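Bear in mind the structure is a predicted one, so any value in this text is a computation, not a measurement.
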Amino acid sequence: MNAVIETTPVSFWQRVRQFLELIRFSHTVFALPFALLSALLAWREVGFDWKQLAGILLCMVFARSAAMAFNRIVDRKFDARNPRTAQRHLPAGKLSLQMVLVFTLVCVVGFVLSTLLFLPNRWPLWLSVPVLLFLLGYSYAKRFTSFCHYWLSAALMLSPLAAWIAITGGLSWVPVWLAAAIFFWVGGFDILYALQDVEVDRQLGLNSIPVRLGAKNSLRVAFASHLLTMLCLLAFWKVSGLGLLFLAAVVIVGLLLIYEHLLVKPDDLSRINVAFFNINALISLGLFAVGAIDLWWMR
């Protein structure tokens with residue numbers, strides 16, 4: 001299906017807004033806070049560096065923007081056949097394929113160049129291409145595996161690992177346990193989000209855990225994934241040396257995840273967007289804020 005490109009003149013700022021909508025820029029809150037929390041803990045060991053902060057922000061924005069734009073390119077024909085996504089920018093003709101291809105290339109180059117801010121640490125530069133390939137590869141996951149949700153979660157879990165490596169040049173259990181928590185958290189809520197596309201995905205021949213297991217069993221898998229999230233968060237709290245304030249935040253996260261699962265029922269998906277964005281944004285931003293306060297309090 002070929003989209004008809006809109007011919008109405010669009011101002012510069014309208015075009016910027018369209019690209020921000022294309023890549024769901026607001027969803028940056030799912031990964032960026034964890035990269036920054038990992039960075040704060042790493043700086044506790046090696047000292048703060050403004051250049052490293054700039055590198056983390058630029059790398060996160062460019063990498064995520066490239067991955068999202070590439071996903072919109074790869075999935076544009078599927079999006080056009082899904083009533084929920086038919087009004088996205090490419091199938092609706094709000095942006096041309098050429099525009100989005102150029103935007104994706106700019107973001108790819110921007111990501112690689114941003115890793116130079118971490119020199120003389122060369123690990124970010126060396127790992128930039130493999131990381132990009134993994135992020136872009138997610139766009140094809142639904143074509144061959146029901147576990148596509150966990151490819152997405154693995155992509156997001158790279159954020160605290162990458163930030164720690166970029167700052168320290170090595171790894172420790174602190175970012176590893178935080179990354180593990182992100183893996184199970186994102187995998188769980190992406191399963192919930194995929195429930196609304198089960199019928200369309202079946203028609204299009206796409207894979208997901210809800211397509212394979214049905215709504216009721218998928219909710220159980222998501223709940224188990226979120227139980228593992230809590231265990232990983234507790235392990236992270238233990239190895240990070242954060243205080244009781246952060247532990248209290250972890251307990252609240254557990255309550256929020258329970259509430260999220262109460263919102264989504266096999267026969268009622270009407271509140272899935274509240275469960276997907278509002279609660280999960282609160283979790284990521286809340287953990288970062290409390291972690292930062294806890295670190296400041298312990299100075």
Trace of the side chain to side chain donor-acceptor pair (under 3.5 Å) decision for Gln87 with Asp79: CA-CA 8 Å; Gln87 290 306 307; Asp79 287 342; over 6 Å; no
Step by step, would you call Leu57 with Leu32 a side chain to side chain contact (heavy atoms under 4.5 Å, CB included)? CA-CA 8 Å; Leu57 293 174; Leu32 181 58; 4.0 Å; yes
Passes side chain to side chain contact (heavy atoms under 4.5 Å, CB included), Asn207 versus Arg212? Steps please. CA-CA 7 Å; Asn207 299 286; Arg212 182 168 185 159; over 6 Å; no
Walk me through whether Thr28 and Met60 qualify under side chain to side chain contact (heavy atoms under 4.5 Å, CB included). CA-CA 8 Å; Thr28 305; Met60 287 294 298; 5.6 Å; no
Walk me through it: do Tyr150 and Thr145 pass the test side chain to side chain donor-acceptor pair (under 3.5 Å)? CA-CA 10 Å; Tyr150 290 100; Thr145 177; over 6 Å; no
Pair Asp75, Arg81 - check salt bridge (charged side-chain N to carboxylate O under 4.0 Å, His left out), show working. CA-CA 10 Å; Asp75 280 355; Arg81 296 170 62 186; over 6 Å; no
Go through it in stages, so that I can follow the logic: the residues are Val106 and Phe103, the test is side chain to side chain contact (heavy atoms under 4.5 Å, CB included), and I'd like the CA-CA distance, side-chain angles, deciding distance and then a yes or no. CA-CA 5 Å; Val106 168; Phe103 176 80; 5.8 Å; no
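For Trp151, there are no side-chain hydrogen bond (donor to acceptor under 3.5 Å, both in side chains) partners, not counting sequence neighbours. Looking at residues two or more places apart in sequence or on another chain, you find a side-chain contact (heavy atoms from CB on, under 4.5 Å) between Thr115 and Cys59, Pro124, Leu125, Ser128. With sequence neighbours excluded, the residues satisfying side-chain contact (heavy atoms from CB on, under 4.5 Å) with Arg17 are Glu21.
The distance between the ring centers of Phe189 and Phe30 falls below 6.0 angstrom. Ring centroid separation for the pair Trp237 and Phe246 does not come in under the 6.0 Å cut-off. You'll find the ring centres of Trp185 and Phe183 outside the 6.0 Å limit. Ring to ring, Phe288 and Phe34 are not that close: their centroids are 6.0 angstrom or more apart.
One finds the CH2 atom of Trp13 at 9.5 Å from the CG atom of Leu20 (value rounded to the nearest 0.5 Å). For the atom pair NE2 (His149) and CD1 (Ile209), the distance works out to 4.5 Å, reported to the nearest 0.5 Å.
Summarising the local packing, CG of Leu244 is surrounded by 12 or fewer heavy atoms from other residues, nucleotides or ligands at distances under 6.0 Å. Counting non-hydrogen atoms of neighbouring residues, nucleotides and ligands closer than 6.0 angstrom, the CH2 atom of Trp123 reaches no more than 12 such neighbours. For Phe134, the CZ atom sits in a packed shell: over 12 heavy atoms of surrounding residues, nucleotides or ligands are nearer than 6.0 Å. No more than 12 heavy atoms of other residues, nucleotides or ligands sit less than 6.0 Å from atom OH of Tyr259. For Phe19, the CZ atom counts as densely surrounded, since its 6.0 Å shell holds more than 12 non-hydrogen atoms of other residues, nucleotides or ligands.
Clustering ILVMFWY residues whenever any of their side-chain heavy atoms sit less than 4.5 angstrom apart, transitively, puts Leu58 in the very cluster that holds Val29. Taking hydrophobic clusters as Ile, Leu, Val, Met, Phe, Trp and Tyr residues chained together by side-chain heavy-atom distances below 4.5 Å, Val74 does not share a cluster with Leu133. Put simply, Leu255 and Val290 are part of two different groups of oily side chains (I, L, V, M, F, W, Y) that touch within less than 4.5 Å, one to the next. Both Leu233 and Trp173 belong to a common hydrophobic cluster when Ile, Leu, Val, Met, Phe, Trp and Tyr are linked at side-chain heavy-atom distances under 4.5 angstrom. Clustering ILVMFWY residues whenever any of their side-chain heavy atoms sit less than 4.5 angstrom apart, transitively, puts Val211 in a cluster other than the one holding Tyr193.
Side-chain contact between Val176 and Val239: absent, with no pair of heavy atoms (C-beta onward) separated by less than 4.5 Å. The side-chain heavy atoms of Leu101 and Leu105, taken from C-beta on, include no pair separated by under 4.5 Å. Side chains of Ile272 and Leu263 form no contact here, defined as non-hydrogen atoms less than 4.5 Å apart. Side-chain contact between Leu135 and Phe70 is absent, with no heavy atoms from C-beta onward closer than 4.5 Å. For the pair Arg76/His89, no side-chain contact is recorded, criterion being any heavy-atom separation below 4.5 Å from C-beta on. For the pair Leu245 and Trp297, the minimum side-chain heavy-atom distance is 4.5 Å or more. Side-chain contact between Ser38 and Val174 is absent, with no heavy-atom pair separated by less than 4.5 Å. Pro175 places a side-chain heavy atom less than 4.5 Å from the side chain of Leu171.
Between the side chain of Gln18 and the backbone N or O of Arg15, no donor-acceptor pair lies under 3.5 Å.
Of all non-hydrogen atoms in Gly47 and Gln52, the two that sit nearest each other are O-OE1, 4.4 Å. Heavy atoms only, all atoms of each residue included: Tyr140 and Leu136 are closest at CD1-O, 4.3 Å.
Checked for salt-bridge contact, Asp197 and Arg202 miss the test: no charged N lies under 4.0 Å from a carboxylate O.
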